Protein chains: 2
Amino acid sequence: MTVEELKSALPNFTDPKLLELILEKGQLMKLEPGKVLMEPGKFIKMVPIVLEGSIKVLRMDEDGKELFLYYLDAGETCALSLTCCTASKPSEIKAIVEEPTTLIALPVAVHEQLSDEFKQWKDFVSSTYQNRFQEMLIALDAVAFKRMDERLMRYIVTKMKQHKTNELHTTHQEIANELGTSREVISRLLKQLEKKKWIELGRNVIYIRDDFEELISK
Amino acid sequence: MTVEELKSALPNFTDPKLLELILEKGQLMKLEPGKVLMEPGKFIKMVPIVLEGSIKVLRMDEDGKELFLYYLDAGETCALSLTCCTASKPSEIKAIVEEPTTLIALPVAVHEQLSDEFKQWKDFVSSTYQNRFQEMLIALDAVAFKRMDERLMRYIVTKMKQHKTNELHTTHQEIANELGTSREVISRLLKQLEKKKWIELGRNVIYIRDDFEELISK
DNA sequence: ATTCAGTTTGTGATTTTATCACTAATTTCA
DNA sequence: TGAAATTAGTGATAAAATCACAAACTGAAT
């Protein structure tokens, strides 16, 4: 990979010395869907910067129940890996690849060096914290204040946008896991949406009406 | 206030030049219980550093429902005010004083200057982000994975420790608000705890057994 | 001291949501 | 082809939230 290619993937970084350092010290990785990048309890020694694709970030509790938090998209990094790394504490979350993804993994020491030397990197880290805080608050709002039917509809919209499709290839169980509830609840709520003709259900697939997002925001 | 006094309130800061700057540029404030420091929608122009006492931080939704997030204790600052300030976005949370509190309010510009010049300040900001992320995850776990009875018991323990007392002077309504549920639910759960002799209920007061924490953790 | 308004707490009835236990349908692959 | 695994459907039960109202307590004004 050339500095030029990296620059186009990370338009926020214009400083050629910064880009060069990232390229030189970072490890380029191509990941396939299903690859688990991080799991609770494991130690993280790298800060991942997504170049292409996306990474799904989930919170997990002791019994393995999980809760979707947010996606890391191209150009973004994970605030939790930043905090875990610098504190050298084990991961609190699970990160899993959902679509073919390339990223560059930066050793913690390099991150700290870049923080000292490059304002662009410092701003990047700072805005990462900001954005992730924001998304954590959104996740918190959902579980604290929203009913499951609304959460499910928003989940569907999020997935549609993330994968740029109106066919979700997933199971009710998978959705239930990510929303932190049980499969039956999701099955019943999906049936209700089907009854309203907003979606159609198949095995391992949900077909979503093009105007789904307008329908739910009434 | 002298540099020496500030130093003893903030033992993490040893650099005398840093302490001097904080004292010079910051505004010392003494706040009484009930004082609302921050509200959703309002802009924050200052980074508060708690010197004595504590500040309760709550998330609020559009309809005014709220959810307890964490306490800011002596020596701590608010990650959300850091992110809000630097992004100059309105507050997403409510901050309210629960016990007599003194803090020093630092203009955003000073925070940015200190970030550039003092490693100790940079580390302070970084560990603030870490700690608050951690506490957001704990709050998230509670609403996502825990039942209300357990959440209530943990809430009682948190309050006991925070205020160093086993008498909570509050109403069921107030507790319900902070846990994001309704008053009846809290009243009934408290009655169950009273039946088990773990607490005693009075008007505006809950007397908690000294060994409450051990009782609940088994 | 008595009354009265406001606040706080208690409780039954109802509805909603989550969980449990089990069945049915579909797919996989030996 | 048929047994195992996966996925989805459903009634019963339990937990939690909501509604409606009653009772108990408090403080201030008469």
Side-chain angles (χ1 to χ4, degrees), chain A residues 33-34 61-68 140-156 159 167-196 198-208, chain B residues 33-34 61-68 140-156 159 167-208 216:
Chain A
D61 82 341
E62 318 84 58
D63 339 325
K65 285 182 74 178
E66 47 186 49
L67 182 76
F68 171 78
L140 202 58
D141 282 348
V143 282
F145 304 127
K146 306 293 185 193
R147 287 201 326 225
M148 195 48 81
D149 57 350
E150 189 179 341
R151 289 179 58 200
L152 175 59
M153 292 187 289
R154 297 209 172 282
Y155 175 90
I156 290 172
K159 289 279 169 173
E167 286 184 24
L168 298 187
H169 295 271
T170 180
T171 66
H172 299 183
Q173 186 64 60
E174 168 94 2
I175 300 175
N177 289 345
E178 297 197 10
L179 290 175
T181 182
S182 60
R183 200 255 321 148
E184 303 92 302
V185 172
I186 297 301
S187 289
R188 281 190 253 253
L189 290 173
L190 286 172
K191 266 271 161 278
Q192 288 177 26
L193 289 177
E194 193 179 38
K195 219 170 274 169
K196 287 200 273 188
W198 292 6
I199 63 175
E200 261 184 82
L201 298 175
R203 191 185 172 84
N204 286 318
V205 62
I206 302 172
Y207 305 99
I208 302 150
Chain B
D61 83 340
E62 319 84 60
D63 338 323
K65 283 181 76 178
E66 48 187 46
L67 183 75
F68 172 77
L140 203 58
D141 282 348
V143 282
F145 304 127
K146 306 294 185 193
R147 288 201 326 217
M148 194 50 80
D149 56 350
E150 189 179 341
R151 289 178 59 199
L152 175 60
M153 292 188 290
R154 297 208 173 282
Y155 175 91
I156 290 172
K159 289 279 171 174
E167 288 184 23
L168 299 187
H169 294 271
T170 181
T171 66
H172 300 182
Q173 185 64 62
E174 168 94 2
I175 299 174
N177 289 344
E178 297 196 11
L179 291 175
T181 183
S182 61
R183 200 258 320 150
E184 302 92 306
V185 173
I186 296 302
S187 288
R188 281 190 253 253
L189 290 173
L190 285 173
K191 264 269 162 283
Q192 287 178 26
L193 290 177
E194 193 179 36
K195 219 171 275 169
K196 288 201 271 188
K197 310 272 184 199
W198 292 6
I199 62 175
E200 260 184 84
L201 297 174
R203 190 185 174 85
N204 286 318
V205 62
I206 303 172
Y207 304 98
I208 302 149
I216 70 166

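Basis for what follows: all heavy atoms, side chains included, without hydrogens, waters or symmetry-related copies. Chain naming here is simple, since letters A, B, ... match the order of the sequence lines and numbering starts at 1 in each. Keep in mind that what you see is a predicted model, and the values were worked out from it rather than measured.
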Side chains of B:Glu150 and B:Ile216: closer than 4.5 Å at any heavy-atom pair?
no
CD1-CD distance between B:Ile208 and B:Glu167, expressed to the nearest 0.5 angstrom:
8.5 Å
How close or far is atom P of C:dT17 from atom CD1 of A:Ile186, stated in whole angstroms?
12 Å
Measure across A:Gly180 and A:Leu67 and return the closest heavy-atom pair with its distance rounded to 0.1 Å.
N-CD1, 4.2 Å
Contact string for nucleotides 8-14 of chain C, one letter per nucleotide 5' to 3', B = base within protein heavy-atom range under 4.0 Å, S = sugar-phosphate only, - = neither, reads BBBBBB-
With A:Leu168, which of A:Asn204, A:Ile199, A:Ile175, A:Ile156 fulfils side chain to side chain contact (heavy atoms under 4.5 Å, CB included)?
A:Ile156
Covered region of DNA chain D, 5' end to 3' end, by chain A [heavy atoms, under 4.0 Å]:
D:dT6 to D:dA12
Kindly write out the residues that satisfy ring pair (Phe, Tyr, Trp, His ring centres under 6.0 Å) with A:Tyr155, not counting sequence neighbours, or none if the list is empty.
none
Heavy-atom side-chain contact between A:Leu189 and A:Met153 under 4.5 Å:
no
Proximity to DNA chain D (any heavy atom under 4.0 Å), residues of residues 141-150 of chain A only:
none
Passes salt bridge (Lys or Arg N to Asp or Glu O under 4.0 Å), B:Arg188 versus B:Glu184? Steps please.
CA-CA 6 Å; B:Arg188 281 190 253 253; B:Glu184 302 92 306; 5.7 Å; no
Protein-nucleotide distance (A:Gln192, atom CD; C:dT16, atom P), rounded to Å:
11 Å
Taking only residues two or more places apart in sequence or in another chain, which ones pass side-chain contact (heavy atoms from CB on, under 4.5 Å) with A:Thr181?
A:Met148, A:Ala176, A:Leu179, A:Val185, A:Ile186
When you look at B:Lys159 and B:Glu174, which way does the salt bridge (Lys or Arg N to Asp or Glu O under 4.0 Å) test go after all the steps?
CA-CA 12 Å; B:Lys159 289 279 171 174; B:Glu174 168 94 2; 5.5 Å; no
Partner residues of B:Lys191 under the side chain to side chain donor-acceptor pair (under 3.5 Å) criterion, sequence neighbours left out:
B:Glu194
